[in-house]
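These notes concern the structure reproduced below.
This is a predicted model, so every value here is computed, not measured.
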Amino acid sequence: MTMTDELLQRYRATLPSFLSPYYADPIAIDHGSGSYVWDLDGNRYLDFFGGVLTTMIGHDHPAVTAAVQEQAAKVMHTSTLYLSEPMIEFAEAVAEASGIPDARVYFTPSGSEANDAALLLASSYRKSNQFLAIRNSYHGRVFSAQAITSHSSWRSTSHSGLQVSFVHGPYKLRSPFRDLDDDAFADACVDDLVQVLDMTSAGDVAAMIAEPIQGVGGFATPPDNLFGRMGKELSNRGILFIADEVQTGWGRTGDHFWGYQAHDIVPDMLTFAKGVGNGITLAGVVARADIMDSINVLQFSTFGGNPLSAAAGLATLRTVQNEGLQDNAKAMGERFAAAMTPVADATPWIAEMRGRGLMWAFECCEPGGIEPDKQRTGEFHEACKRHGLLVGKGGLYGNVVRLAPMLNVTADELDEGIEALRAAIADVS
């Protein structure tokens, strides 16, 4: 029995059954460097998923590793009950980068908890438990975030203290409005929003939360300015807008630092997580001061913004800013699109290739239609592994393969991934 086989047995004997590793023969990642990881058997893989968009600037990045080691040697934990220079410095940097005026930052350990905090703030500020979310959305695994998740395969309960209505949004391929051009599609989504508000709300809706590009939903990418158009209707009714930037933040989309910036709108709040810690547990919510200060009872966070996480976050953010990684995401995204669009167009079972920057997805369907082909998706996923490439899956029906290379991926690394994808597609075809 190999060490990997033994680990798999221990995994299944100890962890809950609702957790499942990727691949028919799961891999045990031993170490990584840059865009590559090695398993316990010494096999090398090009990592185009980064632990679900979390290792954002490469494994064992020198700046992040040094910052974590230096901080760990000083103090690893204090909580928000004490002044912490790393936490405060990182909060200042995030507030400045957010684009939200008079911003305040509250740190949490995960994106789920960041979205939970945003819901708490909105309900407190607006004195309402009514929310709007987008169809095909995913916002986390905590109880409140499950209520605003419109993804039956990821929603484990329907019980909630929130009243949530779901409106049409980015997932055009399966929308009843899919045959419309982008402008008409956006107009139809706004009309749907108005009807939902008029028909299902009791007035005084607290907020609408939306992912600028839907992550678990298969990187469903809306027309630019969709949420700006929706935002005008929200603003007319005093409804807050929350941008869930857990997967789209920090320059990932290439064209913008935040996904919301493609939509001619400034959110009242944004949530972040994943990539900014480059693997360290780090998340939070940014809100206008008047919204953040609407909670007037004592609060604190045990692990949010702890010195170790803050040091990693600051090192990651400064690397993104100082090394032009947003520009690299844009250039490498254009290189990827130019290489892979003709391949996707020529493959009958790829119904749609979508994304921007360094967020790309292939939706796998029965040839000639949009009937999900989950089996072929699994074969595609496995074929990528055989060719040394790690990618993710997603989508409402589990029929989407997702790719998110490191923001500092090189042209040679990207081309290597493209060749692996082409070979995998040829295997499946």
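- Summarising the geometry of R237 relative to R126, their closest heavy-atom pair is O-NH2, 3.5 Å, with the distance given to 0.1 Å.
- Panel note: side chain E245, backbone G259; a donor-acceptor pair is recorded below 3.5 Å.
- Closest of all the heavy-atom pairs between L317 and V94 is CD2-N, 4.4 Å.
- The only member of K374, R354, K393, R402 that meets salt bridge (charged side-chain N to carboxylate O under 4.0 Å, His left out) when paired with E363 is R354.
- Between D182 and K172, at least one side-chain nitrogen of the basic residue sits less than 4.0 Å from a carboxylate oxygen of the acidic one, meeting the salt-bridge criterion.
- Heavy-atom contacts from other residues, nucleotides or ligands closer than 6.0 Å to CD of E70 number 12 or fewer.
- Applying the ring pair (Phe, Tyr, Trp, His ring centres under 6.0 Å) criterion to Y138, with sequence neighbours excluded, gives W154.
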Decide yes or no on side-chain hydrogen bond (donor to acceptor under 3.5 Å, both in side chains) for D116 and S144, but give the supporting numbers first.
-> CA-CA 6 Å; D116 179 80; S144 64; 2.4 Å; yes
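- A side-chain donor-acceptor contact under 3.5 Å links T65 and D60.
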Only pairs under 3.5 Å count here: list side-chain donor-acceptor contacts from residues 216-228, not counting sequence neighbours, and write none if there are none.
| residue | atom | partner | partner atom | Å |
| --- | --- | --- | --- | --- |
| T221 | OG1 | F219 | O | 2.8 |
| D224 | OD1 | R356 | NH1 | 2.8 |

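- The environment of OH in Y22 is crowded: more than 12 heavy-atom neighbours from other residues, nucleotides or ligands sit within 6.0 Å.
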Worked verdict on T200 versus S165 for side-chain hydrogen bond (donor to acceptor under 3.5 Å, both in side chains) | CA-CA 7 Å; T200 69; S165 297; 3.0 Å; yes
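- At most 12 non-hydrogen atoms from other residues, nucleotides or ligands lie less than 6.0 angstrom from CG of L83.
- If you run side chain to side chain contact (heavy atoms under 4.5 Å, CB included) between N115 and each of T108, V285, T149, D244, only D244 comes through.
- The ring pair (Phe, Tyr, Trp, His ring centres under 6.0 Å) search around F380 returns W349, not counting sequence neighbours.
- The aromatic rings of H381 and Y23 sit parallel, their planes meeting at an angle under 30°, below the 60° perpendicular limit.
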Using the ring pair (Phe, Tyr, Trp, His ring centres under 6.0 Å) rule, take Y260 and F241 through it: C-alpha gap first, then chi angles, then the decisive distance, then the call.
-> CA-CA 10 Å; Y260 79 74; F241 177 64; 8.1 Å; no
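- A donor-acceptor pair under 3.5 Å is formed between the side chain of R174 and the backbone N or O of I370.
- Side chain of T347 to main chain of V343: a donor-acceptor pair is present (N/O by atom type, distance under 3.5 Å, no hydrogens or angles).
- Between the side chain of T316 and the backbone N or O of V276 there is at least one donor-acceptor pair closer than 3.5 Å.
- In this structure, F272 has its ring center closer than 6.0 angstrom to the ring center of W250.
- A donor-acceptor pair under 3.5 Å is formed between the side chain of N278 and the backbone N or O of G58.
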